[in-house]
Amino acid sequence: MTEALVVTGTNLGVVISLALIAGGVIWLLVRSLKGKEVERRVIFGFVLIAVSAPILFPITFHEQISPVVKAVFDKIESLPAGSTVAISFDFDPAMAPEVQPMANAFTRHCFAKGHKVVFLSIWATGQSLLTSTLDTVVRREFPEKRERIDWVNLGYKAGNQGVLNVIVSDLRKMYPTDVNAVPLDSIPMLAEVKAFRDLSLILAVGGGFPGPKEWVLYVGDPGNVPIAAGAAAVTAPQLYPYYPRQLIGILGGIKSAAEYESAMVDKYPQFDSVDKPGLRMMGPQTLAHMVIMMFIIIGNIVFFRSKRMRSQL
Amino acid sequence: MRRQLPFILVFAFGLFMIFQYFVPHESSERAYEFLLDWTTIIGIFALAVGIWSLVSVTIEKIKLRKPAWQYSFFTLAGLFLMILFGFTAKVDGHWGFHFYTSEGLQNPMFRSFFDYILTPIQATMFSMLAFFIASAAYRAFRARNVLATLLLIAALIMMMRFNPFLGPVGPLFEKTANWLLNVPSLAANRAIIIGIGLGMVATALKVILGIERGYMGK
């Protein structure tokens with residue numbers, strides 16, 4: 001749901017890129033009508049232009065938040081200030097470009113609303129990516145938020161869904177200390193949190209196994225805790241069966257991250273100046289999708305033309 | 001007895017886990033959590049076995065000069081250097097080993113290896129999909145029959161919903177895409193989930209009753 005097109009940066013570069021792509025596609029269409037197949041390297045070349053042009057000459061769109069994303073935004077908004085929210089970083093660097101913007105936006109939103117945040121990961125690679133969010137978002141944008149008072153980093157724990165199965169009823173059994181070996185009993189913000197069922201909301205960011213689905217099965221349902229998911233676009237459709245009862249909302253792919261970032265700026269204008277990778281990445285994704293659609297259409301023209309020629313023989 | 005003992009254990013613990021789920025007593029919960037601890041412990045032993053397996057296979061590849069054996073040095077270096085960096089850190093001006101805390105995560109070499117080697121490598125591998133998807137879309141996404149045509153139309157609608165250049169017809173694509181996700185795709189996904197669930201129950205019963213013995217190896 002893109003409301004309006006706002007071209008920023010050097011417009012000339014974008015126009016040249018679009019003209020190049022459009023001209024190239026028309027040339028390919030003419031070739032296809034003559035019965036010639038498109039070589040793989042030509043396709044790769046088009047994708048390269050479509051992806052790199054909006055990176056070199058930034059193009060951003062204002063995104064209108066969709067209902068499934070708005071549900072997550074509204075939930076964080078509706079929680080009373082001081083509520084304890086968990087954000088789980090269950091992803092690896094391959095998935096990070098798509099889902100880390102969501103995790104960063106969730107973090108910003110929770111702190112802007114005055115919530116306390118429990119960071120953790122059930123993926124080994126998640127802990128380093130979590131550290132990156134702590135460095136680039138928490139410590140840089142919210143220096144007034146104090147560790148173990150306003151947020152705590154529990155770190156990574158091995159055991160996949162076994163970890164979830166335990167923390168839903170007893171957090172200290174699986175995490176006796178935080179990531180820096182500070183006992184949980186001495187952390188003020190966790191005084192009232194004995195288990196994850198005591199949390200106001202869990203934001204499960206991931207897309208593989210274990211991921212949002214396991215959070216629903218082992219924590220959300222047994223503990224009656226609201227869960228929202230941030231997932232890679234390829235795995236988001238698998239989460240829809242759990243929406244809206246077991247998952248209060250889903251952010252699927254970079255498009256949803258961009259919608260969330262737009263909503264954040266609308267509600268909290270102070271975040272207009274922060275990095276918004278979701279919105280930045282929508283330009284390359286949109287152009288790449290357009291190129292792929294063009295190739296699907298050209299491919300079908302070639303297919304039907306050759307079919308007709310075969311039937312005429 | 002060497003073969004019977006595992007069967008007896010699987011049968012006993014399998015049945016226990018089934019019945020435990022329906023017993024909402026504290027002792028039942030405790031027993032369940034105790035068994036879950038075993039899962040974590042077994043997982044850690046599996047990690048050790050995995051590392052040993054990786055090292056032995058890699059060393060053998062170097063010894064036998066198998067194709068691309070030179071790259072095996074990078075595998076070994078990556079493995080041991082990351083372990084070393086992950087356990088060392090500079091605290092209060094002194095370098096030292098830190099086995100029980102996360103200081104190692106702040107080790108500049110550990111962070112650099114992760115941020116500037118692992119992250120770009122994985123992101124590059126994933127981003128190359130865009131090129132292959134475009135090529136595959138051109139060659140394979142063709143309206144050969146009714147089902148292929150439906151798939152093609154659904155894919156186009158899903159991609160169109162991201163498009164900001166559609167103007168007034170944009171919301172129509174958005175609504176249609178949401179309907180595709182919330183009705184046909186959801187129904188298919190639910191059917192798959194239920195099917196997988198039933199399949200898991202059937203497989204679990206086969207394992208508990210000793211019909212499926214694949215976990216025993218040969």
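Chain letters run A, B, ... following the sequence lines, proteins first and then strands; every chain starts at 1. In this text, all values refer to a predicted model and were calculated from it rather than measured experimentally.
For B:Phe173, no part lies under 4.5 angstrom from a heavy atom of chain A. Both the backbone and the side chain of A:Val38 come within less than 4.5 Å of a heavy atom of chain B. Of the two parts of A:Gln161, neither the backbone nor the side chain holds a non-hydrogen atom closer than 4.5 Å to a non-hydrogen atom of chain B. If you measure heavy-atom distances from A:Thr177 to chain B, you find no contacts under 4.5 Å at all. Neither the backbone nor the side chain of A:Ile297 comes within less than 4.5 Å of any heavy atom in chain B. No part of A:Val291 comes within reach of chain B, as not one of its non-hydrogen atoms sits under 4.5 angstrom from that chain. For A:Lys157, no part lies under 4.5 angstrom from a heavy atom of chain B. Heavy atoms closer than 4.5 Å to chain B are found in both the backbone and the side chain of A:Asp92. Looking at A:Tyr156, there are no atoms closer than 4.5 Å to chain B (heavy atoms on both sides), in backbone or side chain. Proximity to chain B (any heavy atom under 4.5 Å) is restricted, for A:Phe304, to the side chain, taken from C-beta onward.
For B:Glu174 (side chain) and B:Thr176 (main-chain N/O), no donor-acceptor pair under 3.5 Å exists by modelled atom type. The backbone N or O of A:Pro241 sits nowhere less than 3.5 Å from a side-chain atom of A:Arg245 that would complete a donor-acceptor pair. A:Ser121 places no side-chain N or O within donor-acceptor distance of the main-chain N or O of A:Gly155, the cut-off being under 3.5 Å. Counting only distance, with no hydrogens or angles, the side chain of A:Asp221 and the backbone of A:Gln246 share no donor-acceptor pair below 3.5 Å. Distance alone, capped at 3.5 Å, is enough to place a donor-acceptor pair between the B:Asn182 side chain and the B:Asn178 backbone.
Ranking B:Ala137, B:Gly43, B:Ala143, B:Ala140 against chain A, the residue ahead of the rest is B:Ala143, based on heavy-atom pairs under 4.5 Å. Counting heavy-atom pairs closer than 4.5 Å to chain B, the top-ranked of the candidates A:Phe46, A:Tyr242, A:Tyr243, A:Tyr240 is A:Tyr240. With respect to chain A, the highest number of heavy-atom pairs below 4.5 Å among B:Lys175, B:Glu29, B:Arg144 belongs to B:Arg144. The residue among A:Val302, A:Ile296, A:Ile292, A:Val42 with the most heavy atom pairs within less than 4.5 Å of chain B is A:Ile296. Options B:Thr39, B:Leu181, B:Ile42 differ in how many heavy-atom pairs under 4.5 Å they form with chain A, and the most are formed by B:Leu181.
Crowding of B:Tyr71 atom OH: a count of heavy atoms from other residues, nucleotides or ligands under 6.0 Å not exceeding 12. Surrounding CZ of B:Phe97 are at most 12 heavy atoms belonging to other residues, nucleotides or ligands under 6.0 Å away. Heavy atoms of other residues, nucleotides or ligands lying less than 6.0 angstrom from CZ of B:Phe11 number 12 at most. Shown here is B:Tyr21, whose OH atom has no more than 12 heavy atoms of other residues, nucleotides or ligands within 6.0 Å.
What you find for B:Ser56 and B:Ser53 is that their closest heavy atoms are OG-O, 3.1 Å. Shortest non-hydrogen contact noted between B:Met216 and B:Pro6 is SD-CB, 3.6 Å. In terms of heavy-atom proximity, B:Ser72 sits nearest to B:Thr58 at CB-CG2, 3.2 Å. Minimum interatomic distance between A:Gly207 and A:Thr235 (heavy atoms only, all atoms of both residues): O-CG2, 2.9 Å. For the residue pair A:Met95 and A:Ala232, the shortest heavy atom distance occurs at CG-CB, 3.9 Å. When all heavy atoms of A:Ala94 and A:Pro97 are compared, the pair lying nearest together is O-CD, 3.6 Å.
A side-chain donor-acceptor contact under 3.5 Å links B:Tyr32 and A:Asn165. A side-chain donor-acceptor contact under 3.5 Å links A:Gln100 and A:Thr133.
Inspection of non-hydrogen atoms places B:Arg111, B:Phe114, B:Leu118, B:Thr119, B:Gln122, B:Ala123, B:Phe126, B:Ala130, B:Phe131, B:Phe132, B:Ile133, B:Ala134, B:Ser135 of residues 111-135 of chain B under 4.5 Å from chain A. Interface with chain A: from residues 80-95 of chain B, no residue qualifies, criterion being any non-hydrogen pair under 4.5 Å. Proximity to chain A at a heavy-atom threshold of 4.5 Å picks out B:Leu152, B:Leu156, B:Met159, B:Met160 from residues 145-160 of chain B, in numerical order. Of all residues spanning residues 184-201 of chain B, those with a heavy atom less than 4.5 Å away from chain A's heavy atoms are B:Ser185, B:Leu186, B:Asn189, B:Arg190, B:Ile193, arranged by number.
A:Glu259 and A:Lys70 are not joined by a salt bridge, as no carboxylate oxygen comes within less than 4.0 angstrom of a charged side-chain nitrogen.
In this structure the side chain of A:Leu28 reaches within 4.5 angstrom of the side chain of A:Ile298, judged on heavy atoms. For the pair A:Asn160 and A:Ile122, the minimum side-chain heavy-atom distance is 4.5 Å or more.
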- Message: side chain to side chain contact (heavy atoms under 4.5 Å, CB included) for A:Leu247 and A:Val216? Distances and angles first, verdict last.
- Response: CA-CA 7 Å; A:Leu247 278 175; A:Val216 170; 3.6 Å; yes
- Task: Mind running side chain to side chain contact (heavy atoms under 4.5 Å, CB included) on A:Ser262 and A:Leu279 for me, showing each step along the way?
- Result: CA-CA 8 Å; A:Ser262 266; A:Leu279 284 166; 3.6 Å; yes
- side chain to side chain contact (heavy atoms under 4.5 Å, CB included) evaluation trace for B:Leu35 with B:Phe13: CA-CA 9 Å; B:Leu35 289 177; B:Phe13 283 102; 3.7 Å; yes
- Message: I'd like to know whether A:Ile167 forms a side chain to side chain contact (heavy atoms under 4.5 Å, CB included) with A:Leu164, so could you lay out the CA-CA distance, the side-chain angles of the two residues, the decisive distance to 0.1 Å, and finally the verdict.
- Response: CA-CA 5 Å; A:Ile167 60 176; A:Leu164 305 181; 4.2 Å; yes
